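Notes follow the structure.
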Amino acid sequence: MLDLAFVRENLELVKQKMEERGFPALLADFESLDRERRRLLVEAESRKARRNKVSDEIARLKKEKQDASGLIAEMKQVAREIQELDEKAKASDEGLRELLANLPNLPHASVPVGKTSADNREARRWGEPRKFDFEPKAHWDLGPALGILDFERAAKIAGARFAVYRGLGARLERALSNFMLDVHTREHGYTEMLPPFMVNSAALYGTGQLPKFSGDLFKLEGHDLWLIPTAEVPVTNLYRDEVLEAERLPVKYCAWTACFRSEAGSYGKDTRGIIRQHQFQKVELVKFSLPEKSYEELESLTRDAETILQRLGLPYRVVELCTADLGFSSAKTYDLEVWLPSAGEYKEISSCSNCEGFQARRANLRFRRGKSGKTEFLHTLNGSGLAVGRTWLAIIENYQQADGSVTVPETLRPYLDGLERIQPA
RNA sequence: GGAGGGAUGGGUGAGUGGUUGAAACCGGCGGUCUUGAAAACCGUUUCCCGCGAAAGUGGGACGGGGGUUCGAAUCCCUCUCCCUCCGCCA
């Protein structure tokens with residue numbers, strides 16, 4: 001959420017930035033709503049001031065055993081007026097809050113202005129896509145042939161967009177998860193967290209999934225509980241309504257969780273394989289930062305995620321998302337895209353964002369400088385480090401051999417009892 | 001799932017209709033004393049939203065929401081969370 005006072009004072013700038021993001025009409029009613037809300041507040045509050053004064057007077061009269069019935073009758077009328085004005089003020093306040101809650105974050109000045117993902121800016125590349133002397137297969141062919149991936153039985157027990165990992169397939173998923181967690185906790189200074197995989201709606205509001213994107217989520221019937229679409233939601237909300245000491249910042253957490261996404265509206269997209277699933281596992285990185293340090297932290301978080309791809313020897317590129325491609329809560333995002341031989345292109349495997357104070361205002365995440373300083377909103381960052389399922393398929397495809405077997409990257413062997421190759425069972 | 005108890009400021013915890021935004025204690029901050037520190041003593045110490053150029057000023061907040069009343073931390077309803085006991089359970 002943007003700061004109300006900031007929007008009021010910089011309305012034209014905010015309108016322009018929204019236009020750059022592709023949402024030109026969002027602020028049409030802002031001025032009238034804001035003015036109406038303040039007008040009603042002033043009217044209601046002046047009557048409340050009178051009520052407070054007269055109530056004291058009534059108390060005094062009663063104590064002195066004098067008649068107060070005239071004043072009480074007058075106050076009955078005032079109470080009715082207050083109720084009416086309060087209802088109107090509440091309505092316009094809710095209207096304003098709804099408008100603000102549906103407003104995406106402002107892009108950082110360094111974000112390229114663009115209209116589609118084609119306007120994203122490539123920042124750097126790492127590694128060379130391998131030259132195959134045979135026709136590389138897709139993971140949805142390799143996996144079932146190796147007996148490590150089963151789509152048919154997954155469809156039987158759950159439906160489309162689910163997979164069952166079997167034997168070394170399951171083992172590889174676990175090895176990757178452990179490898180990622182080990183690197184981030186041992187080498188990058190993140191503290192491992194294991195949060196709930198379900199959260200309430202307040203948490204989803206805090207990170208910006210609600211109210212706008214409920215359709216992307218799975219909700220539990222009869223409960224105010226939703227399956228998390230990413231560990232960003234539970235972890236970022238850990239300190240909701242708390243005030244942290246500035247010396248504690250940056251706080252760096254990583255968390256392995258399952259993630260659940262409805263993928264409504266993605267029919268016909270990535271239908272084959274495990275690229276787009278209703279459930280996938282991810283190691284997420286979350287940081288709470290001082291505002292003036294958050295862009296440094298974004299760079300280091302992105303490099304922390306890149307480390308995993310480098311250690312696994314997977315070629316990738318880093319893309320700076322343009323204004324039109326930015327997520328709702330993000331002010332700046334780097335996507336990491338891994339090379340997929342079957343697609344012949346780079347495919348998103350991580351998304352690293354600085355949300356600045358956007359989530360902090362929604363979730364009331366604050367910090368204090370020194371002992372007597374005022375509280376300020378901190379900055380939140382998050383990024384995948386990495387999406388485990390997509391890393392799994394990137395390894396299967398990039399390390400495949402002509403005979404359909406898969407070489408295990410050196411780094412991963414200690415996590416698989418020294419296994420060098422995955423072959424048909 | 002059943003029965004009961006609870007939620008007050010940074011913390012503990014008083015307060016059961018009218019100067020209670022809130023006692024007291026602890027903590028924090030400032031000061032006195034001291035070579036320094038501790039102790040002791042004195043003072044100070046919540047947040048949000050308006051109006052105002054400012055000084056200042058008004059409103060709101062005692063888990064959330066609603067109600068009763070001229071007036072609610074205090075009475076009623078409802079929701080959430082926590083605790084104890086019983087049942088069930090990995």
Side-chain angles (χ1 to χ4, degrees), chain A residues 1-9 11 30-101 194-206 210-211 219-226 234 237-249 258 357 360-378:
Chain A
M1 177 147 58
L2 302 180
D3 179 56
L4 174 62
F6 178 86
V7 176
R8 193 181 286 149
E9 282 154 30
L11 193 56
F30 178 84
E31 263 183 305
S32 59
L33 265 173
D34 186 43
R35 209 178 309 115
E36 178 71 354
R37 170 178 165 273
R38 284 191 282 175
R39 186 184 69 77
L40 289 164
L41 273 182
V42 169
E43 279 207 40
E45 284 175 7
S46 69
R47 279 171 178 75
K48 284 179 187 174
R50 167 130 181 88
R51 179 182 68 185
N52 289 344
K53 227 171 155 178
V54 175
S55 283
D56 285 348
E57 180 68 6
I58 291 170
R60 194 183 59 77
L61 288 173
K62 287 209 163 183
K63 209 178 242 173
E64 293 169 5
K65 307 237 186 292
Q66 295 187 43
D67 177 46
S69 56
L71 286 176
I72 288 176
E74 188 201 336
M75 283 306 103
K76 271 190 192 202
Q77 174 59 27
V78 171
R80 269 193 295 271
E81 290 171 15
I82 288 174
Q83 179 154 29
E84 206 174 299
L85 284 163
D86 268 351
E87 272 163 25
K88 286 188 191 163
K90 197 180 161 190
S92 68
D93 190 56
E94 273 167 7
L96 194 68
R97 276 224 309 270
E98 193 189 316
L99 189 154
L100 234 42
L194 181 54
F197 291 6
M198 295 178 219
V199 291
N200 56 32
S201 45
L204 287 156
Y205 180 86
L210 292 182
K219 186 174 194 315
L220 271 73
E221 208 173 324
H223 301 267
D224 179 30
L225 282 174
W226 310 64
N237 277 281
L238 283 173
Y239 296 116
R240 197 164 71 217
D241 297 320
E242 293 190 37
V243 180
L244 303 183
E245 307 279 346
E247 304 83 73
R248 276 190 66 188
L249 301 175
R361 273 185 291 274
R362 295 171 84 97
N364 196 25
L365 302 165
R366 292 169 299 163
F367 74 99
R368 195 193 310 271
R369 297 179 204 268
K371 287 135 212 147
S372 49
K374 239 184 116 51
T375 59
E376 300 170 50
F377 290 113
L378 45 75

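Quick caveat: nothing in here was measured; it's all calculated off a predicted structure.
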In whole angstrom, what separates [X]'s [atom1] from [N]'s [atom2]?
X	N	atom1	atom2	answer
A:Lys62	B:U19	NZ	P	14 Å
A:Arg47	B:C70	CZ	P	18 Å
A:Ile82	B:G59	CD1	C1'	10 Å
A:Arg366	B:U46	CZ	P	14 Å
A:Ile72	B:G17	CD1	P	18 Å
A:Arg38	B:C48	CZ	C1'	16 Å
A:Glu74	B:G71	CD	C1'	14 Å
A:Arg80	B:G71	CZ	P	11 Å

Of all the nucleotides listed ([options]), which has the minimum atom distance to the side chain of [X]?
X	options	result
A:Ser55	B:G18, B:G50, B:G67	B:G18
A:Arg51	B:G60, B:G50, B:G18	B:G60
A:Glu45	B:C70, B:C49, B:G66	B:C49
A:Leu41	B:G66, B:C49, B:C51	B:C49
A:Lys48	B:C49, B:G59, B:C51	B:G59

NA contact type, [X], heavy-atom cut-off 4.0 Å: base, sugar-phosphate, or nothing?
X	result
A:Ile58	base
A:Val54	nothing
A:Arg361	nothing

- Item | Derivation and outcome, side-chain hydrogen bond (donor to acceptor under 3.5 Å, both in side chains), residues A:Gln83 and A:Arg80 | CA-CA 5 Å; A:Gln83 179 154 29; A:Arg80 269 193 295 271; over 6 Å; no
- Side-chain donor-acceptor pair present, A:Asp241, A:Asn364, cut-off under 3.5 Å: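 Short answer, yes.
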- Item | Over 12 non-hydrogen atoms of neighbours within 6.0 angstrom of CD in A:Glu57 |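 Atom CD in A:Glu57 is crowded, with more than 12 foreign heavy atoms closer than 6.0 Å.
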- Query: Is the number of heavy atoms from other residues, nucleotides or ligands under 6.0 Å of A:Lys219 NZ greater than 12?
  - Reply: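 It does: A:Lys219 NZ has more than 12 such atoms within range.
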- Nearest nucleotide by nearest heavy atom, which residue falls closer to the 5' end of RNA chain B, A:Ser46 or A:Asp56?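 Nearer the 5' end of the strand: A:Asp56.
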- Item | Whichever of A:Lys76 and A:Glu87 has its nearest RNA chain B nucleotide further upstream toward 5' |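 Mapping each residue to its closest nucleotide by heavy atoms, the 5'-most match is A:Glu87.
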